[in-house]
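What follows is a short report on a single structure.
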Number of protein chains: 2
Amino acid sequence: MSAAPTVSPADLEREAQTRLGSVDQRFTRNRRTLVEILSRTGRPLTMPELLEAGPDLAQSSVYRNLVVLEQAGVVRRIVTNDEFSRYELAEDLTGHHHHHLVCTSCGAVEDFTVPEKIESLLDSALRVTADQRGFTVESHRLDLLGRCDACG
Amino acid sequence: MSAAPTVSPADLEREAQTRLGSVDQRFTRNRRTLVEILSRTGRPLTMPELLEAGPDLAQSSVYRNLVVLEQAGVVRRIVTNDEFSRYELAEDLTGHHHHHLVCTSCGAVEDFTVPEKIESLLDSALRVTADQRGFTVESHRLDLLGRCDACG
DNA sequence: ATTTATGCAAATCGTTTGCAAACCT
DNA sequence: AGGTTTGCAAACGATTTGCATAAAT
């Protein structure tokens with residue numbers, strides 16, 4: 001349930017730096033702050049949550065920086081039926097492939113993982129299906145929808 | 001790739017009728033039209049697509065009716081990173097459990113299924129994980145993100 | 001007749017954008 | 001300097017809502 005970083009904060013910064021550079025973008029103070037917040041929190045955050053965690057950030061800049069960070073492959077945007085988008089570090093940055101538990105009552109989103117064996121089985125099954133359709137898979141998304149512990 | 005209805009149009013109408021009734025809602029002309037369009041098309045439709053398919057429908061009424069139909073369990077709303085929500089018939093109405101291929105380029109959404117064996121394996125693995133977290137599963141959602149045939 | 005659904009137009013609200021000042025190198 | 005980023009305020013656009021009319025029972 002913690003972020004369980006398999007990547008050190010320093011490595012993370014360096015990798016974020018690199019990825020931004022490869023898209024001709026700078027790793028500015030505000031962007032650092034965002035990466036730091038997302039890293040520390042270790043779960044998908046909404047805009048209000050980000051602004052609360054970084055009170056000096058201007059909302060418009062956060063939106064703009066999240067777009068940049070997403071294009072650089074540092075951040076991933078998650079859309080649910082909830083009113084807000086959520087943002088988390090790209091999973092190949094944290095080395096932590098996972099999925100989401102989405103509460104249909106309060107909108108909360110948590111991470112979870114499935115056993116490696118199931119994951120790889122699923123992965124190959126999906127690839128077969130996609131190929132048959134001429135679909136080029138970039139990633140998959142597996143969410144569980146239901147009621148979280150708090151919402152009973 | 002077709003809708004492959006395992007449920008006849010008549011059965012569908014009757015069931016929609018029933019479900020609406022159980023939430024104290026009527027099966028009005030406009031709602032019939034929506035169900036008919038979704039049934040005929042057999043894939044998730046956006047608001048513009050719905051309005052094009054039913055030129056006499058008022059946009060606000062469509063939005064309102066989709067809410068009602070969703071509450072009655074007749075329709076399911078799908079949110080992607082695309083600008084529009086999409087709507088399809090609830091899968092327990094069509095008897096056709098499926099997932100989605102989401103094109104990250106054009107936003108198009110197609111249905112696909114995975115082998116029953118994989119599906120049930122996944123299902124039990126998910127249930128175990130959820131239980132450990134005190135999470136009550138209502139449904140799962142498995143999307144493949146990538147480039148569709150047309151977008152190469 | 002009374003309740004509910006409809007359609008138009010206006011309001012909402014998360015997100016995006018224009019622009020001038022601040023920042024970086 | 002020369003370019004980018006920032007923050008404020010205004011704009012956008014998908015969805016929602018108020019209200020008067022039309023259906024439905």
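In the text below, chain A, chain B and the rest are named by the order of the sequence lines, each starting its count at 1.
Atoms CD (B/Q25) and P (C/dT3) sit 16 Å apart, rounded to a whole Å. Between B/D56 atom CG and C/dT6 atom P there is a gap of 13 Å when expressed in whole angstrom units. Spacing between atom CZ of B/F27 and atom P of C/dT6 amounts to 12 Å, rounded to whole angstrom units. Atom C1' of nucleotide C/dA11 and atom OH of B/Y63 are separated by 15 Å, given to the nearest angstrom. If you take CG of B/L57 and P of C/dG7, they are 7 Å apart, rounded to a whole angstrom. When the C1' atom of D/dG7 is taken as reference, atom CG of A/L51 falls 13 Å away, rounded to whole Å. Rounded to whole Å, the distance from CD on A/Q59 to P on C/dT15 is 8 Å. The CD-P distance, from A/E83 to C/dT15, rounds to 9 Å in whole Å.
Side-chain atoms of A/R64 come within donor-acceptor range of the base of C/dG18, with a qualifying N/O pair under 3.5 Å. The base of C/dG14 lies outside donor-acceptor range of the side chain of A/R77, with no N or O pair under 3.5 Å.
Heavy atoms of A/T28 sit under 4.0 angstrom from primed sugar atoms or phosphate atoms, though from no base atom.
If B/V67 and B/R26 are placed on DNA chain D by their nearest nucleotide, the residue sitting closer to the 5' end is B/V67. Taking for each of B/R29 and B/Y87 the nucleotide of DNA chain D with the nearest heavy atom, the 5'-most of the two is the partner of B/Y87.
If you chain together hydrophobic residues whose side chains sit under 4.5 Å apart, A/F84 and A/L51 never meet in one group.
Classified by interplanar angle (parallel below 30°, tilted 30° to 60°, perpendicular above 60°), the ring pair A/H99/A/F112 is tilted.
One finds a side-chain N or O of B/N65 lying less than 4.0 angstrom from the OP1 or OP2 phosphate oxygen of C/dT6. Taking side-chain N and O atoms only, A/N30 has no distance below 4.0 Å to OP1 or OP2 of D/dT5. Of the side-chain N and O atoms in B/S60, none sit less than 4.0 angstrom from OP1 or OP2 of D/dT17. Distances shown here put every side-chain N or O of A/S61 at or beyond 4.0 Å from the OP1 or OP2 atom of D/dT5.
If you take CG on A/L142 and NE2 on A/H97, they are separated by 8.0 Å, rounding to the nearest 0.5 Å.
Look at B/D123 and B/R127 and you find a salt bridge, because one of the NZ, NE, NH1 or NH2 atoms lies within 4.0 Å of a carboxylate O, short of that distance. For the pair A/R19 and A/D92, the salt-bridge criterion is met [side-chain N within less than 4.0 Å of a carboxylate O].
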